[in-house]
Each structure stands twice: as structure tokens, then as C-alpha cells.
Amino acid sequence: MAREIAKAYEPQLIEPRWAEFWVKEELFKADANAPGPVFSIVIPPPNVTGSLHIGHMLEHTEIDIITRWHRMRGYNTLYLPGTDHAGISTQRVVVKQLMDQGIDYHKLGREEFEKQVWKWKAEAGGQITEQMKGIGESCDWSREKFTLSPEMSRVVREVFVRLYEEGLIYRETRLVNWCPDCLTVLSDLEVVHEERQGHLWYIKYPVAGTNELLVVATTRPETMLGDTAVAVNPEDERYKHLVGKKALLPLMNREIPIIADAMVDREFGTGAVKITPAHDPNDFEVGRRHRLAEIDVMTDDGKMSAVAGAYAGMDRFAARKKIVEDLKALGLLEKITEHANAIGLCERSKTIVEPRISTQWFCRMKSLAEPAIAVVERGEILIVPDNRREEYFNWMRNIRDWTISRQLWWGHRIPAWYCKENGHVTVAREAPAKCGTCGSSRLEQDPDVLDTWFSSGLWPFSTLGWPENTADFKTYYPTTLLITGYDILFFWVARMIMLGIHFTDKVPFRAVYLHSLVRTGSGEKMSKSKGTGLDPVALNHQYGTDAMRFCLASMAAPGTDIILSDDRLASSRNFANKIWNAARFLFVNLDKFEEGGTKLEELAAPEVRSKAPYAASGLVPLVDAWLFARLAGTIETMNDALTNYRFHEAAQGVYQFFWGDFCDWYIEWVKPELLSADSERATVAWKNLFAAFDAALRLLHPFMPFLTEELWHQLPQKVEAKSIALDRFPEACADWKNAKALSAVALIQEVVTALRTIRAELKLDPKKKVAAEFSAAETATVDLVQANRVAVERFAALSELRIVPRQQFDAKTGAVRSTATFDVRIAYSDVVDVTAEKARLKKEIDGLQKAIASKEAQLANATFRSRAPEKIIKGLEATLAEQRIELKKLQDRLDQLG
RNA sequence: AGGCCCGUAGCUCAGUUGGUUAGAGCGCUACCUUGACACGGUAGAGGUCUGGGGUUCGAGUCCCCACGGGCCUACCA
């Protein structure tokens with residue numbers, strides 16, 4: 001029966017089918033009671049608002065490769081998927097959507113708004129999950145979680161209450177980061193700093209009761225409306241006489257004290273600082289020290305407030321302009337200078353963050369951080385690449401309390417109730433019927449929600465059933481590994497470690513692999529808003545998901561960012577096509593072979609494959625032995641690479657094996673034998689070929705799941721076998737290792753290449769068969785080439801390879817190539833380009849002479865001989881000997897050419 | 001202000017503890033539409049590892065300085 005197999009690999013025709021199959025068959029459903037070592041990994045939950053971007057593609061590719069690899073090695077494997085409710089982003093998205101419909105969400109009311117968000121989530125929120133299924137991630141979808149589900153909410157409340165009871169969560173009024181666009185407080189981490197060119201305005205403050213003017217410099221003139229003091233350094237002779245006097249605040253006509261505080265830098269500006277405790281972190285500190293009034297001159301949406309005098313109601317930036325103009329008109333503006341400063345922006349909205357006094361909930365971090373530092377120090381959690389360890393330590397050792405409340409409606413509502421009678425606070429797991437202190441039933445729940453990262457911080461154990469000691473929790477916690485981006489090391493990783501240890505007494509994961517960031521061609525972080533992002537879904541469609549995965553993996557060297565290019569993607573696509581065509585070759589020829597009566601079952605059934613390599617006439621043919629030796633080496637390389645998260649090395653290993661060894665050499669070598677009349681040799685070749693092909697598919701499967709699944713199903717499998725994903729990753733059999741076969745084939749390859757090189761230089765028609773001569777000093781070399789003469793003749797398109805003794809080797813005519821171990825020659829009657837040949841020889845002689853000279857010098861050095869390891873010296877001497885022989889040959893050849 | 005990373009072939013990148021003529025993919029050149037594959041085959045050209053100094057028998061690899069690029073942390077108005 002002839003097999004149908006397309007000429008080129010068309011991933012679009014294959015991927016959807018397998019993606020659906022994997023999900024439908026629940027192939028990756030984990031069993032907490034299954035035997036074997038455990039591998040478990042939880043997904044860094046992507047925002048439910050999001051769609052798959054290139055960063056996810058990289059992250060998920062790495063996770064899936066490691067996961068599939070473990071599963072194929074017999075681990076009890078769990079890859080737990082899920083999404084994050086992403087408080088601010090999601091709320092922003094839905095608010096905007098409502099606004100587009102002309103609906104103000106405030107008017108809708110909290111309850112109705114929440115309903116709208118859930119509705120939106122149900123309709124649009126599953127996009128990324130669907131995309132993950134589409135790209136074939138081997139998740140256990142039955143265990144999918146959402147950070148805001150009732151199940152997760154229970155855990156969040158449990159954690160909040162416990163921390164509150166332990167005194168680690170508290171409520172306080174202080175200066176916080178406020179986003180006037182998102183209308184919520186932000187944690188320090190959610191404020192991104194950007195260097196901007198601004199100005200320094202020098203403003204004259206009249207000193208009450210004198211004719212003096214005190215000049216202060218500020219970057220934010222609009223805040224002066226809330227000034228409650230002017231500060232100078234106590235040591236500053238220029239201003240000593242003014243301390244204790246009053247300044248008259250321009251525009252507001254308010255008297256404010258002139259105070260002395262050591263925080264003032266005498267060198268900066270004028271050495272006199274306006275103090276606005278309600279709008280600047282430094283000033284806030286000074287204000288508390290000196291018991292100054294805190295006047296908030298702004299509203300929550302960044303406008304000037306009622307206490308801002310004539311400027312009330314103006315936008316904060318418009319007010320700045322107007323204030324500067326007014327000061328100028330009054331003659332109170334001394335000068336304006338250029339000044340660069342780092343400005344705080346809201347991560348989400350990019351709005352300039354306003355420091356503002358507010359009552360919020362905080363989490364005390366110091367005591368949580370200490371054990372989290374210790375586990376990393378002790379290596380109980382491995383951070384890879386390890387240079388990130390220092391960043392982690394640095395941040396953890398200087399950790400500050402975490403603002404955990406947010407003025408949003410979408411999120412985990414803070415489980416605190418205020419007594420309307422007397423303000424008592426009751427914190428509880430479930431809504432209390434009455435105040436825990438006074439018994440009043442007039443309670444009101446805190447309107448705020450928790451920072452999204454608060455629930456994310458519980459992810460590794462909340463998803464596995466904690467606080468119950470479930471089977472999942474017992475089996476899969478601590479998780480084995482976390483793969484995530486280094487940009488959320490503090491946001492997320494650090495907090496999971498702290499909360500994980502605190503609540504479970506165990507680390508949440510044994511290792512953290514921080515993957516690279518995918519950058520644009522110009523090296524910037526890809527950004528959707530700038531339009532510089534690549535759409536992985538489109539690219540997957542264009543090149544195939546497997547090609548995309550392979551490409552990302554092959555570039556994913558730890559610690560280096562990835563710049564993705566079309567060229568690189570195309571090369572991975574070509575690799576997929578190469579494999580496809582290797583399969584095509586097998587099946588097309590198999591059709592012919594089967595006409596002889598031997599069926600695929602007999603050549604490639606699992607039990608047949610398991611006994612490879614097969615011998616012909618009692619001996620495993622050299623090239624077959626070589627192929628399996630290469631296979632064993634590749635398996636070891638890949639296992640070693642993946643153990644150390646060196647995805648690029650593993651990818652390179654399988655690429656080299658499949659394309660270089662399997663396609664370029666092995667298939668070419670055995671081609672004639674596959675349809676040979678010698679049916680024993682043909683059968684052996686087929687069996688070995690299929691066994692190696694099958695092993696190669698399994699090696700490649702974690703990287704290219706679709707293609708390998710498709711081709712694997714074309715080989716006979718055990719009756720109950722459903723997927724290559726559940727087959728075993730090949731193991732490097734000790735029997736396969738064969739150093740002799742490796743070096744023997746390497747020599748044959750060298751001979752072939754030397755002959756081909758001559759042909760190319762002589763510009764011989766590739767189809768024209770010519771005679772060649774071979775000679776070598778060692779008998780073993782001669783025997784080897786003799787034994788493989790037919791293969792060499794075919795590889796180099798020779799009519800005949802004559803093996804001649806050294807002394808009979810005619811190097812005087814024709815074109816010659818020599819190595820230290822052998823010489824080859826092709827007789828050629830036409831005129832050879834002597835000048836070119838001489839130039840080539842001279843260049844090679846030059847290089848060799850340099851190499852020889854440096855080795856001779858090194859070996860002549862007594863210190864080197866006494867200090868270098870024996871192995872190096874011996875190696876050097878051996879190479880030197882070879883190079884001398886080669887040099888001699890080249891020089892002789894050059895002499896012959898005159 | 002402090003800390004980290006990077007600078008290797010035209011391009012994008014590898015190069016594990018310092019050790020023998022520095023690798024890959026793409027691109028380029030030449031030849032080849034051979035019965036798996038032009039998303040292919042064969043052969044080839046092309047770097048002295050940003051610059052300078054140092055340690056060492058020996059440095060792309062370790063140290064110092066400079067230049068160039070990126071990132072993180074940080075309350076100088």
C-alpha cells in the first residue's frame with residue numbers, strides 16, 4: 001500500500017489535530033497516587049486579560065520542553081495551568097469597554113461592575129488558555145486554576161487573617177504612591193522610574209518681618225500650595241539667622257516656619273528646601289519630625305483640591321504652568337534651570353505617580369524575608385543563572401513593607417470590617433455578624449481589594465489544595481521548578497518564597513530558572529503599545545509552532561536575551577521540513593521494499609526497534625555502529641544540557657544528530673543497501689534505520705511535539721500506545737558507545753571531504769565519475785578505507801578508488817590533498833590552476849608554520865613542561881607531530897608545482 | 001548614587017571549571033534542479049575575540065582601567 005506523504009511539511013494541516021487530541025484525551029492528566037519520582041511545575045499565571053505574546057511563547061516553550069522531557073523519563077509529572085485575575089489591568093480593560101458604551105462604572109455600582117467583569121472574563125478571558133491549548137502545551141487542564149476563584153479566595157482570606165493575627169499585616173496612614181489615573185495606591189515595585197529632562201524653579205519666599213527673600217529650588221512648583229515649612233541645614237551659616245522666623249508662602253499668603261533639619265543638602269539648589277509633607281517622601285519624614293501640618297492640595301484624580309486656593313480644580317500640570325506664570329508676574333521667580341531627574345510612573349498607565357497621604361494596609365516584610373534569604377543562601381532553592389542570586393539578596397536585605405491594599409473593585413476584598421459605632425476593626429475569614437470588640441452589628445467591610453501579587457504569592461500551594469493536606473499537596477508540593485522571567489523576581493518569585501516558607505514550612509520550589517527576555521532587533525524590550533512586539537500566533541502560523549519552539553529553544557542560552565529574526569525562524573522551519581523529508585524518504589522507499597514481501601511491522605515494531613542495532617553476517621556494520629554511538633552521545637549531551645537548563649545546547653545536539661549525522665551521512669551511506677539484493681543487509685539496514693529514526697523522534701519530541709507526534713504514529717506502535725509524549729525518552733545504552741566506530745567513520749568522512757574538495761577545485765561536473773588514488777602509512781587506515789571503498793566511491797562520485805602503497809603514490813600529477821594520515825589524488829589531464837593551487841598551499845603552510853612554531857616554543861619552555869598537566873603536553877606533542885608531517889607534505893607539493 | 005550584564009565572522013548568537021589551528025545558523029561565493037528535501041546538496045571565503053594594562057608556563061575565558069550598549073535597585077528637593 002502506497003503511503004501518502006506531502007512533499008513539504010505543512011504544519012498548519014497537522015497541528016490543530018494533535019492539539020485537540022492531546023486535550024481531548026486528557027493525555028497529561030496527573031495522578032497524585034502514581035508511582036515514580038515527581039516532577040511538578042506550576043505555570044506563572046498569565047493575566048486573564050492577556051493574549052499570548054512572544055515572552056509567554058518562550059516561557060511556555062521552556063516549561064513544556066522540561067515537562068515533556070521529565071514525563072518521557074518516567075516521572076510522575078504535573079504541569080499545572082491557570083490564569084491571574086490581574087486587578088488593575090482587568091479593571092482598566094472593562095472600565096474602558098463600559099466607557100465606550102457610554103457607561104460610567106461608578107454609576108453602575110460595585111456589585112454590578114463585578115458582574116460585568118465576570119461576564120467579560122467568561123467571554124473574553126479564556127483567550128490565552130485557548131492559545132496555550134493551540135500550541136500544544138502539555139498541561140493538566142483538569143487542574144486549571146484562576147487566582148480569583150472562590151477556591152483561591154478562601155486561601156487568600158486564610159492567609160490574610162493569619163498574617164493579621166500574627167501582627168504582620170497592619171493598617172496605617174502614611175505617604176504612598178498614588179496613581180491618579182488608576183485611582184489606586186501602588187506598591188513601590190509598581191512604580192517604574194524614568195529619567196526625564198525637567199526644570200528646577202527657583203522661587204523667592206519673603207521672610208516675614210524682614211526685607212529678605214529666601215530662595216528655594218523645586219522641581220514641582222505646584223506642590224508649594226501645600227508647603228508647611230521651609231528647611232535649611234542647621235550648619236548652614238547663610239541661613240542660621242533665619243531659623244525660627246516665618247516665611248510668607250507666595251500665592252497662598254500663609255506664614256510657614258523656617259526650620260533646621262540635617263536632611264537638607266547645602267550644596268543642592270540654594271540650600272533651602274520648601275517642605276510639602278503631603279506630597280514628597282522626604283518632606284513627609286521632615287514633617288513628622290517637626291510635627292508640621294500635612295496639607296493635601298490634590299484630589300485623587302490629580303487635580304488641585306479645594307485647599308489649593310485659586311488653583312482649585314485645575315489639573316496638576318496646568319496648575320504648575322499657571323503657578324510659574326503667576327510667580328513670574330509677582331517677580332518671585334528668580335530663575336529656571338535645566339534639571340534631569342528620575343520620575344516615577346505607574347507601571348500600568350504610565351501616568352506620573354503622585355506621592356500622597358493615605359490610609360492603607362501593609363505587610364511587614366522583614367521577618368518574612370529572613371528565612372527566604374536563608375534558603376537561597378543554603379542552596380535549598382537554586383536560582384539560575386546564579387548572578388540573579390545577588391539581585392535577590394540585595395533586594396531582600398533592603399526590603400520595605402509592602403502596600404497590599406488597592407482601591408479597586410476587581411480583586412480579593414480585604415476581609416476587614418469596621419464597626420460603624422466606634423471604628424473597631426474585625427478581621428475574619430467569613431463576614432462577621434457583629435463587631436468582635438463591642439458586639440455591634442453595624443459593620444461595613446473595607447471597600448479595598450488586595451494587590452494581585454498577594455494572591456499570586458500563594459500560587460504554588462494554593463493551587464495544590466493548601467491549607468488542606470490533599471493528595472496533590474502531599475505529592476506535588478514543593479514543586480520541582482519555577483520557570484519565569486527575571487523581571488518579576490521581586491514582584492512574584494521573592495514573595496512566593498517568603499509566603500511559601502511562612503505558611504508551609506517548605507520552600508515552594510527547589511529551583512528557579514529565570515529565562516531571557518525576547519527583544520526587538522534594536523535590542524529593546526518588545527512592547528505592544530510601541531508596536532514592536534512580534535505576534536507569536538501569527539509566527540506560529542507562518543513557520544509552524546514546532547519551528548517557533550525550536551528556534552526559541554535554540555537561542556535560549558541562560559542569561560542572554562533573545563533577538564528573534566526571520567532568518568533564524570526560517571532555519572528552524574527548514575529543520576522541521578528536513579525531518580519531514582527524511583520520513584518521506586523512509587516511507588517512499590519502504591513502499592518499494594515492501595513489494596519484496598517484508599512489511600513495516602517486521603522492520604519497525606517496538607520490540608524490533610528495541611533490539612537495534614542489528615548485525616549483518618554476525619557483525620554490526622560500521623556505519624550502523626557509528627550511528628548508534630552518535631545517538632548515545634547525543635542523548636547524553638541532551639540530558640546533561642536539559643538538566644542545566646541549557647536549552648540551546650540540547651537543541652543544537654538534536655539538530656546536529658538529525659540533520660548532520662542521520663540525514664547527511666547515515667541515510668546517504670545506506671541508501672543503496674536499502675533496496676539491495678542482499679536481503680539480509682537490506683533488512684538490517686531498514687531495522688537500524690527505523691530504530692534510529694524512532695529514537696531521534698523521541699529525542700526531538702520535547703522540542704517539536706507536533707511533527708514528532710505525527711511521524712511517530714506512522715511507525716508501528718504498541719496497541720495501547722496513544723502518544724509519543726507518553727513514550728520513553730531514549731536512554732544511552734552502554735552497548736551503543738563505540739569510540740572505534742566514531743573515529744573510523746570520522747576518517748572516512750575526512751577522505752570523502754578531501755576528494756570532494758579536489759573535485760570542487762577542479763570544477764568537475766558533479767555527475768562525472770573520475771578515478772582517484774588513496775594512500776596511507778598505517779595499515780589499519782588502508783584496511784579501513786579498503787573495507788569502505790564502495791561507500792567512498794559513491795560519496796565522492798568516483799569510477800574507482802585505487803588504493804596504492806605509499807611509495808607508488810603518484811603525487812606529481814593531478815590534484816592532491818594530504819593530511820597527516822593519508823593522501824588522495826585525482827588524476828586530471830586538463831590544466832590545473834597552478835597559481836591558485838600554489839596560493840592555497842602557501843596559505844596553509846603559513847598557518848601550519850605558525851601553529852608549529854608556537855607549539856615548539858611552548859614545549860621548549862621548561863616552566864610549561866613542569867607546570868602544565870601531562871595530558872596537555874602529550875596532546876600538544878601528538879598534534880605537533882601530525883602537523884609536521886602535514887607541513888612536509890604541503891611543502892613537497894609546493895616544490896613539485898615549481 | 002549603588003549593583004549587575006553584554007561588546008567574538010557581514011547579521012543574530014554559542015564558547016561549562018584558563019590549555020592543543022575560536023564554533024553554529026543566516027547571509028555571501030562557486031558548482032549542482034541526482035529518483036526524501038532548492039525549506040535541498042557539495043565545496044569555499046570570512047573573526048585574533050571593543051581598546052589598553054596586568055596575573056599566568058599559557059587568557060576570548062581571571063583582575064584593573066577606558067570606551068560603547070542594555071538592565072535592576074534608590075526618597076536628593
Side-chain angles (χ1 to χ4, degrees), chain A residues 5 7-9 175 188 193 200 216-220 223 231 263-265 267-269 272-276 280-285 339 341-342 344 355 387-388 390-391 394-395 398 486-487 489-490 517 519 521 523-525 547 554-555 557 559-568 570-589 640 644 646 648-649 652 655-656 663-664 667-668 753 756-761 763-767 797 847-848 850-852 854-855 858 861-869 871-873 875-880 883:
Chain A
I5 182 159
K7 190 168 171 174
Y9 178 49
L175 202 71
D188 296 333
H193 295 272
L200 208 48
V216 300
T218 180
T219 52
R220 304 186 52 206
T223 62
M263 142 278 183
V264 181
D265 178 357
E267 307 301 317
F268 191 90
V273 191
K274 59 191 269 318
I275 301 295
T276 323
D280 180 276
N282 274 317
D283 294 6
F284 179 78
E285 296 295 324
H339 182 70
N341 61 337
N387 59 41
R388 300 279 168 196
E390 287 309 312
E391 271 180 36
N394 188 40
W395 188 76
N398 298 303
Y486 59 71
D487 50 337
L489 180 60
F490 309 135
L517 255 38
R519 298 186 176 279
E524 292 163 327
K525 209 167 157 174
S554 71
M555 299 193 72
T560 332
D561 288 343
I562 291 175
I563 296 179
L564 203 59
S565 66
D566 280 326
D567 283 348
R568 196 81 191 213
S571 120
S572 296
R573 176 205 56 198
N574 296 352
F575 180 46
N577 187 58
K578 185 75 182 178
I579 292 155
W580 180 261
N581 273 286
R584 187 163 181 265
F585 170 82
L586 293 191
F587 291 119
V588 167
N589 283 280
D640 189 53
N644 296 296
R646 304 175 68 80
H648 66 300
E649 254 177 40
Q652 200 186 318
Y655 183 96
Q656 170 57 37
C663 294
D664 289 347
I667 288 184
E668 292 303 328
T753 304
R756 283 170 170 174
T757 304
I758 297 177
R759 294 187 61 109
E761 269 165 13
K763 301 208 190 310
L764 291 177
D765 179 338
K767 276 165 304 212
L848 263 180
K850 270 188 209 156
I852 288 170
S854 88
K855 280 191 196 64
Q858 224 176 346
N861 186 323
T863 332
F864 170 72
R865 284 194 169 275
S866 65
R867 296 200 186 170
K871 198 179 130 199
I872 297 295
I873 297 172
L876 218 54
E877 282 169 344
T879 314
L880 179 61
Q883 288 180 336

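In this text, all values refer to a predicted model and were calculated from it rather than measured experimentally. Order of the sequence lines sets the chain letters (A, B, ...), proteins ahead of strands, with each chain counted from 1.
Counting to the nearest Å, the C1' atom of B:C76 and the CG atom of A:Asp280 are 9 Å from each other. Here B:G35 presents its P atom at 12 Å from CD of A:Glu668, a figure rounded to the nearest Å. Rounded to a whole Å, the CZ atom of A:Phe284 is 17 Å from the C1' atom of B:A77.
OP1 or OP2 of B:U33 sits under 4.0 Å from a side-chain N or O of A:Lys767. At least one side-chain nitrogen or oxygen of A:Asn341 sits closer than 4.0 Å to the OP1 or OP2 atom of B:A77. Dashed line: the shortest gap from a side-chain N or O of A:Thr757 to OP1 or OP2 of B:U42 is not under 4.0 Å. Residue A:Lys578 places none of its side-chain N or O atoms closer than 4.0 Å to OP1 or OP2 of B:A36. Contact annotation: A:Arg568 does not reach the phosphate of B:A24 (side-chain N/O to OP1 or OP2, under 4.0 Å). Considering only side-chain N and O atoms, A:Lys7 lies under 4.0 angstrom from the phosphate OP1 or OP2 of B:C37. Regarding contacts with the backbone of B:U73, every side-chain N or O of A:Asn398 stays at 4.0 angstrom or more from both OP1 and OP2. At the phosphate of B:A77, OP1 or OP2 sits under 4.0 Å from a side-chain N or O atom of A:His339. Between B:C39 and A:Arg573, no contact under 4.0 Å exists linking OP1 or OP2 to a side-chain N or O.
The base of B:C75 lies close enough to the side chain of A:Asn282 for a donor and an acceptor atom to sit less than 3.5 Å apart.
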What protein N or O atoms touch nucleotides 4-8 of chain B N or O atoms at under 3.5 angstrom, if any, and at what distances?
none

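Using a distance-only test at 3.5 Å, with no hydrogens or angles considered, a donor-acceptor pair links the side chain of A:Asn589 to the main chain of A:Phe585.
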(message) For RNA chain B, please output the secondary structure as dot-bracket, reading 5' to 3'. Pairs are Watson-Crick or G-U wobble, both atom distances under 3.5 Å; mark crossing pairs with [ ], other-strand partners with |, unpaired with a dot.
(response) ((((((((.[[[[.)...(...]]]].(((((.......))))).....[[[[[..)....]]]]])))))))....
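Rounded to whole Å, the C1' atom of B:C31 lies 49 Å from the corresponding atom of B:U56.
Comparing A:Ala583 and A:Ala760, the nucleotide of RNA chain B nearest to each residue sits closer to the 5' end for A:Ala583.
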